[in-house]
Amino acid sequence: MDLRRFFEMVNSSKNIAVRFGIAALTVTLYCQAQISYSQTIFSQSKSLIANNQIMATEPRTLTGHSNVVNAVSLRPDSKIIASASHDNSIKLWDASTNKLIKTLTGHNGGANIISWSPDGKTIASSGLDDTIKLWDASTGNLIKTLAKHNSIRSLTWSPDGKTIASSGLDNNVNIWDATTGKLIKTLNHSYAVVGVAWSPDGKNIAAASLDSTAIWDVTTGKRLKTLYGHMSYLSSVAWSGDGKMIASASDDQSIKLWNATTGELIKNLYGHGYGTTTIAWSKDSKTLASAGVDNTIKLWDATGKRIKTLAGHKSPIMSVAWRQDGKTLVSASQDKTIKLWDLNNLVKDEEVTEKIALNGHNGFVNDTAWSYDGKILASTSDDKTIKLWDGNTGKLIKTLSGHKYGADNVAWSADNKTLASSSGSEVIIWDTTTGKLIKTFTSKAGNGLTWSADGKTLAVAGNDGAITLWDGTAGKLIKTLAGHSNSYISSIAWSVDGQILASAANDNTIKLWDKTTGNLIKTLTGHTNVGVNDVPDGTFTNGMAWSYDGKTLASASGDKTIKLWDISTGKLIKTLAGHSSTVIDIVWNNNGNITSVSQDKTIKLWDVSTGKSLKTAGINIPMSWNVAWSRDGKKLASGKGFQTIKIWDIDFDI
């Protein structure tokens, strides 16, 4: 089961109480059914980023494991790296020479977690055999095996080295005496616990469970506070060395920074295109490293600003560990390698900062659209309303009410006054100057709306592979365009002159239709959907855009590319490749270039003539498959699946 898809489906529900009840139950059953953390949750391999975010200096690579490397840990003096792998072994490496020092074997079914004692003399490891083993680091001899702990997901030493905390899918955090190996205390959770982190003073433990992070008093066993906020199951938790912040990571693509004293949320970080697998603070608490299923590592400063993207692994990254001086980061991956990243003389990435946050909906936002002049943003929501916002100030201009159920899709006419919105099969035409309803008609359940350039014809994309064309004034059906067989149409776009309609669907085709006759003109093929985790169910191409002269169509896809098509011939002109995740949407700029936004949390400016990326910047965009570009490509809005809409100013002119 793909939880990303599940939560998108749940988020579209009309009943919030049912939504979260089903979500909690389904995720619990899902996680308890897991056997192998790395093989089942993070099985999809993603491609290497090929853009200017890559480090100038290639990382050192350690090879020797014959299977997935699940974890790495540096000895406190940073001289030896320990790694744990699905090949049943633990390997010790010289951090300076990269040479293998020793191989420890003893786990049956693969080693998945490893942790050094604070004095550097003992290594604790866990395996898929549900055991915790303590090893003499100097000799490699097994000291003792602790009692079985079901499906262990986290293992870490207390700061004083006297106890070890472990957690797993049995919903417990166990505290062990490191000398005797006896179980001292068990902290009970309601759901599986996937990560634990000690406070620097050793008095408290942060435990990441499916639905939240709990803070425990280790001595009394009392739960002090619970941190809620993630939209999907958590994967990791880390306590900063200065004790001030707790970071939690989740499959919802976010990392949250919490005030460790008050439990208040400080900031949401969005950097990974897919789930975040692990996080770790540098020893000085100035930098947070996060790793993800998108094969990248992101570095963040203590304020939550993204510093750098490190790309080089060919598969999801399972673990990261810092050297004491903060100048080297070590990572372990499903590609069977360990990499050492030199962070000296780091050149920071450019970042697009959020301009405005719009709050006003009482339900999840489903769609957003800019007026043609870029002055007003319209948004639809589960709260049954459409809201009109001033795009520069964020001020709410007007609320349109009339739908019986949650409002789904929205589209502006070129006159900047007329708006169409849909709710299931119901379509409403609005006069935005007065806020009055002009016309209501019934269509097939739509996935999207778009007006022709003259504002006379409204196209409604269906989930049955057909498109219906409507007279926007009379509310009458003009014709039906059927050609995407048994498909879900995800994007429709009118040509500049309004005579051709392009439609994209999950049958991996783009079709061009003649507005007047309704005939199919051409079918464009070339995009490939390269993995079920790249896009939600039914989504193929999230965005299409016509060039200003109407001669070229650009299409974005879950195959991580943008393709340019010659409309007269139907031939593929060029493929723009460089994003590491689904390209969500694209827009043509006034100078004839293209700007794209991707689930890899970057925006790119492309030179259409050469096909090269001219500029890349990070963007702290939430998990969303829906964004809205202003027509000039200078504003971007996103909000689907949240109650808050965010707007960014994009200044990419060159």
- prompt: Can His527 and Asn508 be said to form a side-chain contact (heavy atoms from CB on, under 4.5 Å), step by step?
  reply: CA-CA 6 Å; His527 278 299; Asn508 289 8; 5.6 Å; no
task: For Asn392 and Lys635, run side-chain contact (heavy atoms from CB on, under 4.5 Å): C-alpha distance rounded to whole Å, both residues' side-chain angles, the deciding distance at 0.1 Å, then the answer.
output: CA-CA 10 Å; Asn392 291 316; Lys635 288 188 178 71; 3.4 Å; yes
message: Pair Asp367, Asn626 - check side-chain hydrogen bond (donor to acceptor under 3.5 Å, both in side chains), show working.
response: CA-CA 7 Å; Asp367 196 14; Asn626 174 285; 2.9 Å; yes
- request: Dump the intermediate steps for side-chain contact (heavy atoms from CB on, under 4.5 Å) on Leu419 and Leu400, then the final yes or no.
  value: CA-CA 10 Å; Leu419 192 75; Leu400 310 179; 4.0 Å; yes
task: Determine, step by step, whether Gln599 and Ile584 satisfy the side-chain contact (heavy atoms from CB on, under 4.5 Å) criterion, reporting the C-alpha distance in whole Å, the side-chain angles of both residues, the deciding distance to 0.1 Å, and the verdict.
output: CA-CA 7 Å; Gln599 277 289 7; Ile584 305 172; 3.8 Å; yes
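At most 12 heavy atoms of other shown residues, nucleotides or ligands fall within 6.0 angstrom of atom NZ in Lys305. Summarising the local packing, NZ of Lys375 is surrounded by 12 or fewer heavy atoms from other residues, nucleotides or ligands at distances under 6.0 Å. More than 12 heavy atoms of other residues, nucleotides or ligands lie within 6.0 Å of NZ in Lys355, so this atom counts as buried by the packing criterion. Residue Lys574 places its NZ atom among more than 12 non-hydrogen atoms of other residues, nucleotides or ligands, all under 6.0 Å distant.
Residues Lys640 and Val365 form no side-chain contact, since every pair of their non-hydrogen atoms from C-beta on lies 4.5 Å or further apart. Side-chain contact between Ile500 and Leu553 is absent, with no heavy-atom pair separated by less than 4.5 Å. Counting heavy atoms from C-beta outward, Leu576 and Val583 have side chains that stay 4.5 Å or more apart. For the pair Thr457/Leu501, no side-chain contact is recorded, criterion being any heavy-atom separation below 4.5 Å from C-beta on. Two residues are said to be in side-chain contact when any heavy atoms from C-beta on lie closer than 4.5 Å; Leu458 and Val427 meet this criterion. For the pair Trp451 and Thr418, the minimum side-chain heavy-atom distance is below 4.5 Å. No side-chain heavy atom of Thr595 sits under 4.5 Å from any side-chain heavy atom of Asn593. For the pair Glu351 and Asn620, the minimum side-chain heavy-atom distance is below 4.5 Å.
To the nearest 0.5 Å, atoms CD1 (Ile650) and CH2 (Trp629) are separated by 5.0 Å. Atom OG1 of Thr433 sits about 11.5 Å away from atom CG of Asn416, to the nearest 0.5 Å. Separating the CG atom in Leu346 from the NZ atom in Lys308 is a distance of 6.0 Å, to the nearest 0.5 Å.
What you find for Gly360 and Lys387 is that their closest heavy atoms are O-CE, 3.4 Å. In terms of heavy atoms, Trp648 sits closest to Ser638 at CZ3-CB, 3.8 Å. The shortest heavy-atom contact between Leu377 and Thr368 is CD1-CB, 4.1 Å. The heavy-atom pair separating Leu572 from Leu564 by the smallest distance is CD1-O, 3.4 Å. When every heavy atom of Thr276 is checked against every heavy atom of Ser290, the shortest pair comes out as CG2-CB, 4.1 Å. Minimum heavy-atom separation, Ile492 to Gly448: CD1-O, 3.9 Å.
In this structure, the side chain of Ser381 engages the main chain of Gly363 through a donor-acceptor pair within 3.5 Å. Listed for the Thr442 side chain is no donor-acceptor partner under 3.5 Å among the backbone atoms of Ser425. Proximity of a side-chain donor or acceptor of Ser490 to a complementary backbone N or O of Ala505 within less than 3.5 Å is not detected. A distance-only check finds a donor-acceptor pair linking the side chain of Ser371 to the backbone of Ile376 [under 3.5 Å]. A donor-acceptor pair is defined here as one N or O able to donate and one able to accept, closer than 3.5 Å; no such pair exists between the side chain of Ser315 and the backbone of Ser333. Ser423 contributes no side-chain N or O that, together with a main-chain N or O of Asp408, makes up a donor-acceptor pair within less than 3.5 Å. Trp370 contributes no side-chain N or O that, together with a main-chain N or O of Arg631, makes up a donor-acceptor pair within less than 3.5 Å. Between the side chain of Lys560 and the backbone N or O of Ser598 there is no donor-acceptor pair closer than 3.5 Å. A donor-acceptor pair under 3.5 Å is formed between the side chain of Trp494 and the backbone N or O of Thr450. Put simply, the side chain of Asp607 never gets that close to the backbone of Leu614: no donor and acceptor are under 3.5 Å apart.
For the side-chain contact (heavy atoms from CB on, under 4.5 Å) test with Asp294, the passing option among Gln253, His272, His313 is His272; the others fail. The side-chain contact (heavy atoms from CB on, under 4.5 Å) with Trp513 is formed by just one residue from the set Asn519, Ile467, Leu469; it is Ile467.
Judged by distance alone, the side chains of Ser422 and Asn409 do bring a donor and an acceptor atom under 3.5 Å apart. No side-chain donor-acceptor contact under 3.5 Å links Asn268 and Ser254. Between the side chains of Lys417 and Thr432, no donor-acceptor pair of N or O atoms lies under 3.5 Å. Gln334 and Lys336 share no side-chain donor-acceptor pair at under 3.5 Å.
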